[in-house]
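Data first, discussion second: the structure below is written as structure tokens.
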Amino acid sequence: MRASQYLITTKKESPADAEVISHQLMLRAGMIRKVAAGLYSWLPLGLRVFRKVEAIVRQEMDKSGALELMMPVVQPADLWEESGRWGQFGPELLRIKDRHDREFCLGPTHEEVITDIIRNEINSYKQLPANFYQIQTKFRDERRPRFGVMRTREFCMKDAYSFHSSAESLQGTYDVMYETYSAIFTRTGLVFRAVLADTGSIGGSHSHEFHVLAESGEDAIVFSTEGGYAANIEKASAVASAQPSTGGNGEITELATPGVHTIAELCQFMDTDVTQALKALIVSAEDGEGQTQLYGLMLRGDHELNEVKAQHALGLSSEITFATEEQIKGALNCAPGSLGPVNLNLPMVVDHSAAALSDFVCGANRDGYHLTNVNWVRDCEEFTVADIRNVVAGDPSPDGKGVLEIKRGIEVGHIFQLGTKYSQAMKATVLDENGKEQFMSMGCYGIGVSRIVAAAIEQNHDGNGIIWPDAIAPFQIAIVPINMHKSDNVNETCEALYQRLSDAGHEVLFMDEPKARLGGMLADIELIGIPHRIVIGDRGLEDGTVEYRNRRETENQHIAMDKLDDFIRDKLFK
RNA sequence: CGGGGCGUAGCGCAGCCUGGUAGCGCACUACACUGGGGGUGUAGUGGUCGCAGGUUCAAAUCCUGCCGUCCCGACCA
């Protein structure tokens, strides 16, 4: 590609509303432009990267045996009524009406449509297993789109859905997808990890997420230092390291603690360690009958609540939220800041680490007062003990090997075993060997194609711009002439090289604007992140050499003209 | 949806407090010089100051309402 025929619209300054580095660099490099919140256009340069990622995903999916199809973005409400999700999905599902006043939605995902297709097309267990995928636009009316194309409302996803006549078959395809995802992310050149995940609202049992490791990642992911254990922090188990305390012998005492509201203030006031204080949290959720109920959750002072675990420990199907100050005052006659487990009169779950405490400090359920020397068995009413906290670095690993460390990750892929959730709701059956009707088991497998582009930048950049892995770079090689308009030698050498490299199948960006200044061209190429660059000027040509530099290096190499083609070939197919 | 910030040229900003001619840098156009890391000069193009009301002789500036957008929290590829 000749730069003079291309759209290169780089900027020195990044727009004020771009906060994360990938967003800034994509705007500065001229890859994307915002149309509205969470809606972006991909300019030619950005689209080249996007297509690279898409091609890798498609090739590996095809290799896995999955079949590509394409389903519509706009989906009829009927199908969603059938699965029960028309009611379950919140405002994230963008609902629209057509001219006949019929209801539709913009598809945030395609379980309904694929299940509808398959129940009509597949009737026999002999046609299973089957796995179908598409690479297509999704729409989710996110509460808060952010971070450029990392979290948008309209985005591109590869979604696949598999169908099975047995759990073993589902596990088999799940394993194949796990390997396929590993191959895809390996080929993109990104550092990634697969971790155990919670299944969340999509439902189902077994699930893994694939994360690109980056400081700016939205998710915390947890690894064993010695073993292979890896999980999202939402899912990672905290090993019950100590037995529940049977009690200390301190005398329970109520102390006036004016102005003390936080754990930190309490520990300072009491001159005690944060690990000897109890944190009481009041949460609100709908119980089985649809009534709002408050619950007390007790954690050691230095630990944080894991809401997913707490929801499971309480046996609730609906999400829990922190109770409002009004709710708490109404139920307990006391404001947050002085809450504790003694005489709480709410269903109560105590974390393992908190249950191991004795003679601890906690709120007195009376404004401005706290208790010391509290003990569970002696002083508290009924409660259950469970794992409801987030693990912290240094916790023992659940697999018994080493301790846990925590890193940040960007979720770029997620695989689920759905089981029969959708096939039952939508009556997707096949006849088995005995001629009996049987619900198909399903798996679903997603990859955020547009997000991978942003994640790649988060993981690969420096002060000068993007550093693309070769596999997804918009161009492999940049040719930069010096004073081309003054030197026929430079001009002819560049033209000839551009022709040869292009003919050899390389993607070359030839900076052929005759009067462009060197500094500007080099800055652009570094910002855009082209991995290999060749600078050609009269000085080098007098000695029969050109300059090569890799985007990741800081020194030029002088390459003899007659060795250049071999040199480039080695660089690109190493 | 709760909390906070910001809307002035394509981008980055000043002007607003204390009402009176809309300004700077980058980018863009033309010409000249320059020519191995975003160069210099001269002359230009480009703005219903987010929108709608109100106050006033006069509003980018003061008041009210709305909209957009970004950041922090609960969701997700």
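Computed from a predicted model, the values in this text were never measured in an experiment. Lettering of chains follows the sequences in order, A, B, ..., and the numbering in each one begins at 1.
Geometrically, A:R95 engages A:W86 in a cation-pi contact defined by less than 6.0 Å to the ring centre and at most 45° from the axis.
B:C67 is paired with B:G7 under the criterion used here, namely a Watson-Crick or G-U wobble arrangement in which both key atom distances are under 3.5 Å. Of all nucleotides present, only B:A43 satisfies the Watson-Crick or G-U wobble test against B:U29, with each distance under 3.5 Å. Pairing partner, B:G37: none, since no Watson-Crick or wobble contact has both distances short of 3.5 Å. With a cut-off of 3.5 Å on both Watson-Crick or G-U wobble distances, the partner of B:U48 is given as none. Shown here, B:A60 forms no base pair; nothing in the strands shown gives a Watson-Crick or G-U wobble contact with both key distances under 3.5 Å. A 3.5 Å limit on both hydrogen-bonding distances identifies no Watson-Crick or G-U partner for B:C76. Of the nucleotides present, B:C24 is the one that pairs with B:G12 by Watson-Crick or G-U wobble criteria, both distances under 3.5 Å.
Side-chain polar atoms of A:N460 and A:R552 form a donor-acceptor pair below 3.5 angstrom. A donor-acceptor contact closer than 3.5 angstrom is absent between the side chains of A:T152 and A:E154. Under the 3.5 Å distance criterion, with hydrogens and angles disregarded, a donor-acceptor pair is assigned to the side chains of A:R85 and A:Y422. A donor-acceptor contact closer than 3.5 angstrom links the side chains of A:H110 and A:K138.
We find that CD of A:E234 is positioned 9 Å from P of B:C76, with the value rounded to whole Å. In this structure, A:R144 places its CZ atom 6 Å from C1' of B:C72, rounding to the nearest Å. Here the P atom of nucleotide B:G73 and the CG atom of A:L305 are 16 Å apart, to the nearest Å. Computed from coordinates, the A:R140 CZ to B:A77 P distance equals 5 Å when rounded to whole Å. Protein atom CG of A:L27 is 13 Å distant from nucleotide atom C1' of B:G10, rounded to whole Å. One can place CZ of A:R28 at 11 Å from C1' of B:G38, the figure rounded to the nearest angstrom. When the P atom of B:G4 is taken as reference, atom CG of A:D17 falls 21 Å away, rounded to whole Å. For the pair A:E111 CD and B:C76 C1', the computed distance is 13 Å after rounding to whole Å.
Among the heavy atoms of the strands lying under 4.0 Å from A:A523 is at least one base atom, whether or not backbone atoms are also near.
Taking every side-chain heavy atom of A:R549 into account, B:G37 is the closest of B:C72, B:C76, B:G37. When the nucleotides B:C72, B:C70, B:C13 are ranked by their closest atom to the side chain of A:E19, B:C70 comes out on top. Of all nucleotides listed (B:A77, B:U69, B:C72), B:U69 comes nearest to the side chain of A:A36.
Taking the P atom of each, B:A60 and B:C1 are spaced 32 Å apart, rounded to whole Å. Rounded to the nearest Å, the gap between the C1' atom of B:A9 and that of B:G25 is 12 Å. Spacing between B:A27 and B:G47 at atom C1', rounded to whole Å, works out to 16 Å. Straight-line distance between the P atoms of B:G12 and B:G54: roughly 32 Å, to the nearest whole Å. Spacing between B:G46 and B:A14 at atom P, rounded to whole Å, works out to 25 Å. As rounded to the nearest Å, B:G2 and B:U45 have C1' atoms that lie 46 Å from one another. A gap of 48 Å separates the C1' atoms of B:U56 and B:G38, to the nearest Å. If you take atom C1' in B:C63 and the same atom in B:G19, they sit 13 Å apart, rounded to whole Å.
For A:H414 and A:F416, the gap between ring centers is short of 6.0 Å. Checked against the 6.0 Å centroid criterion, the rings of A:Y161 and A:F132 do not qualify as a close aromatic pair.
Residue A:E68 qualifies as enclosed at atom CD: its count of foreign heavy atoms under 6.0 Å is above 12. Other residues, nucleotides and ligands contribute only 12 or fewer heavy atoms inside 6.0 Å of the CD atom of A:E555.
Across the interface with RNA chain B, nearest-nucleotide mapping of A:A18 and A:P15 shows A:P15 to be the residue nearer the 5′ end. Both A:G519 and A:G413 lie near RNA chain B, and the one whose nearest nucleotide falls closer to the 5' end is A:G519.
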Heavy-atom protein contacts under 4.0 Å, nucleotides 24-36 of chain B, coded B base, S sugar-phosphate only, - none: -BS-------BBB
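Judged by distance alone, with hydrogens and angles left aside, A:E526 brings a side-chain donor or acceptor within reach of the base of B:G37, the pair sitting under 3.5 Å. For B:G37, its base sits under 3.5 Å from the side chain of A:R533 at one donor and acceptor pair at least. With hydrogens and angles left out, the side chain of A:R151 and the base of B:C76 share a donor-acceptor pair within 3.5 Å.
Ring pair A:Y445/A:Y174 is tilted by interplanar angle, where 30° to 60° counts as tilted.
Taking only side-chain nitrogens and oxygens, A:K138 never comes nearer than 4.0 Å to OP1 or OP2 of B:C76.
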